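Before any comments, here is the structure.
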Number of protein chains: 2
Amino acid sequence: MANQFGERVRQLREQQKLFLRQVAPKLEMDTAQLSKIEKGLRQVKKDQISILSNVLKADRNELSTLWLADQVANLIEGEPMADEALKMVLKNRKNK
Amino acid sequence: MANQFGERVRQLREQQKLFLRQVAPKLEMDTAQLSKIEKGLRQVKKDQISILSNVLKADRNELSTLWLADQVANLIEGEPMADEALKMVLKNRKNK
DNA sequence: ATAGACTTGTCAGCTATTGGCAAATATACT
DNA sequence: AGTATATTTGCCAATAGCTGACAAGTCTAT
């Protein structure tokens with residue numbers, strides 16, 4: 001299961017030398033939840049992504065992109081027609 | 001909301017000159033449900049896709065691809081970082 | 001062994017989705 | 001007009017899936 005988002009959050013948090021205990025309250029959750037988010041076992045809410053990027057002094061677009069890429073990757077994982085479907089989506093997007 | 005899958009199903013069903021009433025029972029559902037599926041208001045189950053492609057004499061891969069493309073399109077719709085995320089997913093897939 | 005950081009498990013409560021039916025609408029035919 | 005057939009829409013109980021909250025667990029260092 002793709003979890004680039006959670007891994008990056010952990011990396012950023014450790015770079016800032018912050019503990020789960022320090023970050024979790026900013027998101028109004030406990031350390032257990034944040035731990036699961038970093039491990040990809042729980043979903044983060046979209047509005048929590050911008051809070052996270054503030055607390056971790058990260059680029060909001062970077063985190064949003066990683067989060068979305070994980071969603072897509074999980075959706076298509078194990079799907080034989082994944083490549084064709086992705087190409088189709090890209091093609092349809094360009095026609096706009 | 002993307003619904004290439006449902007539109008194609010309807011097209012195929014009409015080409016085969018079949019009524020909802022004739023197709024729905026093969027999927028163990030009523031006409032209302034199948035109608036909603038064709039309109040993209042309800043999800044079809046994956047194992048129903050192959051049944052549909054048999055009944056409608058269609059290519060299972062084509063329908064699977066359309067279905068998956070819809071899922072992805074709905075997931076990323078309205079997301080500012082959609083293009084970057086899609087590119088990231090494609091790039092990660094190639095490294096395998 | 002105590003403390004601190006993180007992880008894991010559980011589960012009630014919440015939310016979203018589904019299945020099934022009934023009623024409404026649309027279209028065609030007499 | 002009315003009748004018949006096809007499709008659509010609305011509703012809601014049942015189900016499935018997810019979340020929040022807490023407790024208990026592991027791991028590491030002192």
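Fair warning: this is a prediction, and the values are worked out from it, not measured in the lab.
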- Please say whether more than 12 non-hydrogen atoms of neighbouring residues, nucleotides or ligands are located less than 6.0 Å from CZ in B:R60. no
- Item | Protein proximity profile, nucleotides 11-21 of chain D - base contact B, sugar-phosphate-only contact S, no contact -, cut-off 4.0 Å on heavy atoms | B-------BBB
- Query: Between atom CD of A:Q71 and atom CD of A:Q43, what is the distance when rounded to the nearest 0.5 Å?
  - Reply: 4.5 Å
- Query: Which distance, rounded to the nearest 0.5 Å, do you find between the CG of A:L63 and the CG of A:L52?
  - Reply: 7.0 Å
- So does B:K39 pair up with B:E7, basic N to acidic O under 4.0 Å? no
Nearest-angstrom distance from the residue atom [atom1] of [X] to [atom2] of [N]:
X: B:L27; N: C:dG20; atom1: CG; atom2: P; result: 13 Å
X: B:N74; N: C:dT17; atom1: CG; atom2: C1'; result: 15 Å
X: B:L34; N: D:dT7; atom1: CG; atom2: C1'; result: 10 Å

- Hey, does the side chain of B:R13 reach the backbone of B:L18 with a donor-acceptor pair shorter than 3.5 angstrom? yes
- Taking only N and O in the side chain of A:S35, is any of them less than 4.0 Å away from OP1 or OP2 of C:dT7? yes
- Query: Which atoms form the tightest heavy-atom contact between A:M81 and B:T65, and what is the distance?
  - Reply: CE-OG1, 3.2 Å
- Query: If you take all heavy atoms of A:D83 and B:R93, which pair is closest and at what distance?
  - Reply: OD1-NE, 2.9 Å
- Item | DNA chain C-proximal residues of residues 7-21 of chain B, any heavy atom under 4.0 Å | none
- Message: Do A:N74 and A:E77 pair up side chain to side chain, a donor and an acceptor below 3.5 Å, judged on atom types alone?
- Response: no
